[in-house]
S.K.: 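Please read through the structure below; I'll follow up with questions.
Bear in mind that the values here come from a model prediction, so they are computed numbers and not experimental data.
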Protein chains: 2
Amino acid sequence: MGLTDAFDEPADTQEAVMAATYRALCRHGYAGLTIQRIADEFPKSKSLLYHHYESKDDLLLEFLAFMLEHFESTVPSREYDDAAAHLRGILGYVLPDTLDPERREFTRAMVELQAQAAHDEAYREHFTRSSRFFHDRIETVVECGIEEGVFREVDPDRIATLVVTAIDGARFRRSTAEVEETVPALRAELEATLESRLFADGTAGSSDASRDVEGVDGRPNGERGVDERPDASDDGGER
Amino acid sequence: MGLTDAFDEPADTQEAVMAATYRALCRHGYAGLTIQRIADEFPKSKSLLYHHYESKDDLLLEFLAFMLEHFESTVPSREYDDAAAHLRGILGYVLPDTLDPERREFTRAMVELQAQAAHDEAYREHFTRSSRFFHDRIETVVECGIEEGVFREVDPDRIATLVVTAIDGARFRRSTAEVEETVPALRAELEATLESRLFADGTAGSSDASRDVEGVDGRPNGERGVDERPDASDDGGER
DNA sequence: TTGTGCTGACTGAACGTTCAGTCACCAATG
DNA sequence: CATTGGTGACTGAACGTTCAGTCAGCACAA
């Protein structure tokens, strides 16, 4: 039911603490997160946390690092031969059409956590790094697409920034407003708009940029499904 | 130095409280915001706040409503004849290339505030409404563009969702990671990508979608400046 | 006098953090 | 083998602080 095997059967105390923190975050969100509530999520005592971590902040920072590591190792990377499909694969991974309750709660908590970076230097550093990792992944994909001649000669850095920003925006909005139903259409529009920029002018690519005009909500047509990854649901996929 | 005239010379106590809240938010952020610190920002006492507002939450909700009202009345609306320029105008308004310190702090605080909506129903309602307002504005612009024949027949609702999402993402990211330098390029790329989707195929519009490929950072060329609004800086422009 | 805007002192609860001490375990010593 | 000393994981009970919220009452206007 958890995020990883490590969470279901923690090997050591540190892993158990990470798992407990994850659960407490899901249950109570960041705003409602207390040391006591983390302790409540595992069989050891509250004081123990201070035996292993200097402070609440220290613990949370460790947790973020732990999650980032997990994320870095599970985001889709090598299983595509088509750059456009790879891009769609990543999008589908971090921006699933629907979120099961656990993952929805966790996404919300991560958004709260990231918001702390607005006034916390250490958090800010973390999310800067996390953001850069993701940016670079996408940049690489776009670069490949260009080298392979399937994309126009756009600026990969800029495209990557745009994509990362859109993803962050979607996570932020879906966590803080009632816009869940718009996510599938958003992703489709993002893909269509991107392709319109990346292919365009009949250069290459089979994408028909106007294909989803008529579908007001829901998935435009049957153009997805090709790139769905099998394990896209067992995982937090947060950044 | 404030946001509006009302802030520099509050007409009544309620306006003074709003102004004090604004200042306290800028100085301490949401995480550091206490009733005491709001009281410190104006000549009356802490208890007075409870005379006028039921609770801290009540006060903050009023503040959000106050800010939204202000925002609704200052976002660019009618001063463009070209839909594309109007779109750029809105983008430039909510996503300025640089943020003076006060506005940067305020933006951060607003992001923190919005993050609270992840686990607070009342906040969530507010930001849903706020988001919808903005979405509708953009949708209207796109609709006009289509009617005027300058845009292709895209889905205005979807385009609006995409734009709003990108803006939210940019605000979120610039507040929570060290990405300030990338904002101008991001906006340029967003504009270019949008235009590539909205015009395309040599249908209409003078936009050369590839114009800014070579400009790695900073503004791509001289294509902005036409649409800068004179008062784009005196205002929080938050949502 | 009655009411209104306002204040300073106060309260209760929540929470991060500390600390003295227990317990299981292990290695070295006699 | 039995004893001793030492170590690290772990605990329960506090401590100190911070804060939202309360309340009795003051000053002044009608």
Side-chain angles (χ1 to χ4, degrees), chain A residues 6 9-64 66 109 112-113 115-123, chain B residues 6 9-64 109 112-113 115-123 126:
Chain A
E9 284 203 12
D12 54 7
T13 302
Q14 121 120 2
E15 256 179 22
V17 173
M18 295 295 101
T21 304
Y22 172 81
R23 282 193 295 270
L25 271 176
C26 288
R27 268 218 237 295
H28 310 286
Y30 173 78
L33 186 74
T34 69
I35 289 283
Q36 185 59 59
R37 280 176 168 164
I38 296 176
D40 289 346
E41 295 294 333
F42 82 140
K44 310 293 179 63
S45 79
K46 182 174 80 162
S47 326
L48 175 63
L49 298 175
Y50 285 93
H51 187 71
H52 290 285
Y53 304 91
E54 275 199 352
S55 63
K56 187 188 183 186
D57 244 45
D58 180 41
L59 193 161
L60 256 13
L61 253 2
E62 291 280 331
F63 177 75
L64 285 178
F66 182 89
E112 288 183 284
L113 236 9
Q116 300 310 305
H119 292 95
D120 184 306
E121 192 55 41
Y123 279 47
Chain B
E9 285 202 12
D12 53 7
T13 302
Q14 121 119 3
E15 257 179 23
V17 173
M18 296 294 102
T21 304
Y22 171 81
R23 282 193 294 268
L25 233 20
C26 288
R27 268 219 237 295
H28 310 286
Y30 174 78
L33 187 74
T34 69
I35 289 284
Q36 185 58 61
R37 280 176 167 165
I38 297 176
D40 290 347
E41 295 294 331
F42 81 140
K44 310 292 178 64
S45 79
K46 179 178 94 164
S47 321
L48 175 64
L49 298 174
Y50 286 96
H51 188 70
H52 290 283
Y53 303 91
E54 277 198 352
S55 63
K56 187 189 182 185
D57 244 44
D58 180 41
L59 193 161
L60 256 14
L61 253 3
E62 290 280 334
F63 177 75
L64 284 178
E112 288 183 282
L113 235 11
Q116 300 310 304
H119 292 97
D120 183 307
E121 193 54 42
Y123 278 47
H126 170 84

S.K.: Quick one: does B:Y53's side chain get under 4.5 Å of B:V17's, heavy atoms only?
M.R.: yes

S.K.: When you compare the protein's N or O atoms with those of nucleotides 8-13 of chain D, which come within less than 3.5 Å of each other, and at what distance?
M.R.:
residue, atom, partner, partner atom, Å
D:dA9, OP2, A:H51, NE2, 2.8
D:dC10, OP1, A:K44, NZ, 2.5
D:dC10, OP2, A:T13, OG1, 3.3
D:dC10, OP2, A:H52, NE2, 3.2
D:dT11, OP2, A:S45, N, 2.3
D:dT11, OP2, A:S45, OG, 2.8
D:dT11, O5', A:S45, OG, 3.4
D:dG12, N7, A:S47, OG, 3.0
D:dG12, O6, A:S47, OG, 2.3

S.K.: Please report the shortest heavy-atom distance between B:K56 and B:L33, naming the atom on each side.
M.R.: NZ-O, 2.8 Å

S.K.: Kindly state which residues belonging to residues 26-38 of chain B come within less than 4.0 angstrom of DNA chain D, counting heavy atoms of the residue only, listed by number.
M.R.: B:L33, B:T34, B:I35

S.K.: Between B:A122 and B:L61, what is the shortest heavy-atom contact and its length?
M.R.: CB-CD2, 3.7 Å

S.K.: If you compare all heavy atoms of A:A20 against all heavy atoms of A:F42, which two are closest, and at what distance to 0.1 Å?
M.R.: CB-CB, 3.9 Å

S.K.: Please list, for nucleotides 26-30 of chain D, all pairs of protein and nucleotide N/O atoms separated by less than 3.5 Å.
M.R.:
none

S.K.: Between C:dT4 atom P and B:D12 atom CG, what is the distance in whole Å?
M.R.: 17 Å

S.K.: What integer distance in Å separates B:Y53:OH from D:dT22:C1'?
M.R.: 19 Å

S.K.: Which atom pair, heavy atoms only, marks the closest approach of A:S45 to A:A39?
M.R.: C-CB, 4.2 Å

S.K.: For A:D58, check side chain to side chain donor-acceptor pair (under 3.5 Å) against everything at least two apart and list the hits.
M.R.: none

S.K.: Output all residues satisfying side chain to side chain donor-acceptor pair (under 3.5 Å) with A:Y50, sequence neighbours left out; order by chain, then residue number.
M.R.: none

S.K.: Between atom OH in A:Y50 and atom C1' in D:dG16, what is the gap in whole Å?
M.R.: 13 Å

S.K.: Would you say that B:M18 contacts B:E62 through its side chain, given a criterion of any heavy-atom pair below 4.5 Å between the two side chains?
M.R.: yes

S.K.: Using the salt bridge (charged side-chain N to carboxylate O under 4.0 Å, His left out) rule, collect all pairs that involve residues 27-37 of chain B, keeping only residues at least two apart or in two chains.
M.R.: B:R27-B:E41

S.K.: For the residue pair B:Y22 and B:F63, does the interplanar ring angle fall in the parallel (under 30°), tilted (30 to 60°) or perpendicular (over 60°) class?
M.R.: tilted

